[in-house]
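These figures come from a predicted structure and were not determined experimentally. Heads up: numbering here begins at 1 and tracks the sequence.
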Amino acid sequence: QVQLVESGGGLVQAGGSLRLSCAASGRTFSSYTISWFRQAPGKEREFVGGISWRGGVTSYADSVKGRFTISRDNAKNTVYLQMNSLKPEDTGIYLCAATSATLVVTSRNIYNYWGQGTQVTVSS
């Protein structure tokens with residue numbers, strides 16, 4: 001079993017940057033593909049990006065490509081989401097999720113474990 005805790009959210013002006021962290025418990029963290037999702041008020045939870053457990057292959061939603069970067073440090077049981085050039089439409093609760101799938105999957109139904117989320121607010 002994996003427990004996930006997000007941190008690093010906050011209020012930032014458009015064009016600014018934030019780095020989110022997803023800290024995991026469990027000795028098998030390195031065997032999980034980790035992804036980030038976000039949920040804005042009144043909208044469905046959407047895939048942001050993820051990193052596979054095998055090879056560290058990353059995948060991103062078109063809306064964040066070139067602005068967001070995901071990395072992982074298996075020694076620290078942590079996945080990071082570096083967000084640059086933030087836009088007001090990036091506002092939402094950001095959640096990390098874990099799946100045993102080999103590669104990143106965009107469907108939230110595949111993820112077995114979820115964190116509680118961290119709020120990101122981008123002002124215009």
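Between N74 and W53, every side-chain heavy-atom pair lies at or beyond the 4.5 Å cut-off. Side chains of Y113 and Q3 form no contact here, defined as non-hydrogen atoms less than 4.5 Å apart. Within the 4.5 Å cutoff, side-chain heavy atoms of L81 are placed close to those of F68. Considering only heavy atoms from C-beta on, V105 stays 4.5 Å or farther from L103 through its side chain. Two residues are said to be in side-chain contact when any heavy atoms from C-beta on lie closer than 4.5 Å; V79 and W36 meet this criterion. Contact check for F47 versus R108: no side-chain heavy atoms found under the 4.5 Å cut-off.
We find that K65 and D62 are joined by a salt bridge, their nearest charged nitrogen and carboxylate oxygen being less than 4.0 Å apart.
More than 12 heavy atoms of other residues, nucleotides or ligands sit less than 6.0 Å from atom CD of E46.
One finds the CH2 atom of W114 at 5.0 Å from the CZ atom of R45 (value rounded to the nearest 0.5 Å). Rounded to the nearest 0.5 Å, atoms CD1 (I70) and OG (S35) are 6.5 Å apart. Of the inter-residue distances, the one linking S30 atom OG with D73 atom CG reads 11.5 Å to the nearest 0.5 angstrom. Separation of atoms CD (Q119) and CD (E6) is listed at 12.0 Å; rounding is to 0.5 Å. Between the CZ atom of R19 and the OH atom of Y80 there is a distance of 5.0 Å, given to the nearest 0.5 Å. Atoms OH and CG, on Y111 and L95 in that order, are 12.5 Å from each other to the nearest 0.5 Å.
Under the 4.5 Å side-chain heavy-atom criterion for grouping Ile, Leu, Val, Met, Phe, Trp and Tyr, V48 is not connected to V5 through any hydrophobic cluster. V64 and M83 fall within the same hydrophobic cluster, where Ile, Leu, Val, Met, Phe, Trp and Tyr residues are linked whenever their side-chain heavy atoms come under 4.5 Å apart, directly or through other members.
In this structure, T33 and V104 approach most closely via the heavy-atom pair CG2-CA, 3.8 Å. Closest non-hydrogen pair, I34 versus C22, comes out as CG2-SG, 4.4 Å. Contact record, L4 with A24: CD2-CB, 3.6 Å, taken as the closest heavy-atom pair. Looking at every heavy atom in both residues, L20 comes nearest to Y94 through CD1-CB, 3.5 Å. The minimum heavy-atom distance linking Y32 with A98 is given by the pair CD2-CB, 4.0 Å. Shown here for S124 and P88, the closest heavy-atom pair between the two residues is CB-CG, 3.9 Å.
Without hydrogens or angle criteria, R72 side chain to S52 main chain gives a donor-acceptor distance under 3.5 Å. A distance-only check finds no donor-acceptor pair linking the side chain of R38 to the backbone of I93 [under 3.5 Å]. Checking side-chain atoms of T91 against main-chain N and O of T121 turns up no donor-acceptor pair under 3.5 Å. The backbone N or O of K76 lies less than 3.5 Å from a partner atom in the side chain of T78, making a donor-acceptor pair.
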Apply side chain to side chain contact (heavy atoms under 4.5 Å, CB included) to residues S71 and Q82 and explain how you reach the verdict.
CA-CA 8 Å; S71 60; Q82 177 67 45; over 6 Å; no

